[in-house]
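Computed from a predicted structure; not experimentally measured.
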Amino acid sequence: MRNCLGQEISGPEEELVDLYRSVCRLVEERLEEMPPYQARNTLKALSCLWQIVNGLDMEPRHLYHVGL
């Protein structure tokens, strides 16, 4: 997998990107089904993963659409 600068990212970094995408999909599709404490903590986790993906220059979209 390459970032927006064309640089190859490492295996662990690629797993973090996959995790970010998975949590993002979970928030978009299932957040309303979660109890309030789970929803809040899932949003916190997503914002932390966003920082990682942004630092890898993967151009993550902004999180306004999920209320962050």
Side-chain angles (χ1 to χ4, degrees):
M1 181 181 293
R2 295 186 178 277
N3 65 15
C4 67
L5 302 175
Q7 300 167 333
E8 191 72 30
I9 62 172
S10 69
E13 291 169 338
E14 189 171 338
E15 287 185 44
L16 286 167
V17 171
D18 291 341
L19 182 59
Y20 165 77
R21 291 176 178 163
S22 178
V23 173
C24 196
R25 188 172 43 257
L26 178 66
V27 166
E28 291 173 344
E29 296 173 4
R30 313 284 307 263
L31 189 69
E32 294 176 1
E33 299 173 27
M34 297 180 189
Y37 76 95
Q38 288 178 357
R40 283 191 306 272
N41 288 329
T42 302
L43 290 172
K44 289 177 189 178
L46 181 61
S47 65
C48 291
L49 288 167
W50 184 92
Q51 293 293 333
I52 294 169
V53 173
N54 187 52
L56 293 172
D57 295 318
M58 295 300 293
E59 292 188 330
R61 60 186 174 175
H62 290 285
L63 297 177
Y64 301 127
H65 68 285
V66 294
L68 291 176

field: Close side-chain approach of Leu26 and Leu31, heavy atoms under 4.5 Å
entry: no

message: Are the side chains of Leu49 and Val23 in contact, using a 4.5 Å heavy-atom criterion?
response: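 Side chain of Val23 against side chain of Leu49, heavy atoms only: contact under 4.5 Å found.
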
message: Just checking Glu32: does its CD atom have more than 12 heavy atoms from other residues, nucleotides or ligands closer to it than 6.0 angstrom?
response: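 Result for CD/Glu32: open.
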
- prompt: Do other residues, nucleotides or ligands put more than 12 heavy atoms under 6.0 Å from Glu59 CD?
  reply: no

Tell me the closest heavy-atom pair linking [X] and [Y], and the distance in Å.
{"X": "Ser47", "Y": "Lys44", "answer": "OG-O, 2.8 Å"}
{"X": "Glu8", "Y": "Met1", "answer": "OE2-N, 2.8 Å"}
{"X": "Val53", "Y": "Leu16", "answer": "CG2-O, 4.4 Å"}
{"X": "Thr42", "Y": "Val27", "answer": "CG2-CG2, 3.6 Å"}

Can you tell me how far [atom2] of [Y] sits from [atom1] of [X], rounded to the nearest 0.5 angstrom?
{"X": "Leu5", "Y": "Asp57", "atom1": "CG", "atom2": "CG", "value": "4.5 Å"}
{"X": "Leu43", "Y": "Gln38", "atom1": "CG", "atom2": "CD", "value": "12.0 Å"}
{"X": "Glu14", "Y": "Leu19", "atom1": "CD", "atom2": "CG", "value": "13.0 Å"}
{"X": "Arg25", "Y": "Arg30", "atom1": "CZ", "atom2": "CZ", "value": "12.0 Å"}

task: Tell me, with the steps shown, if Ile9 and Met58 meet side-chain contact (heavy atoms from CB on, under 4.5 Å).
output: CA-CA 10 Å; Ile9 62 172; Met58 295 300 293; 4.3 Å; yes

- prompt: Is it true that a side-chain atom of Asn54 and a backbone atom of Trp50 form a donor plus acceptor pair closer than 3.5 Å?
  reply: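 Checking the backbone N and O of Trp50 against the side chain of Asn54, no donor-acceptor pair under 3.5 Å is found.
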
message: For a side-chain contact (heavy atoms from CB on, under 4.5 Å) check, start with the C-alpha distance between Tyr20 and Leu46, then their side-chain angles and the critical distance, and finish with the verdict.
response: CA-CA 7 Å; Tyr20 165 77; Leu46 181 61; 3.6 Å; yes

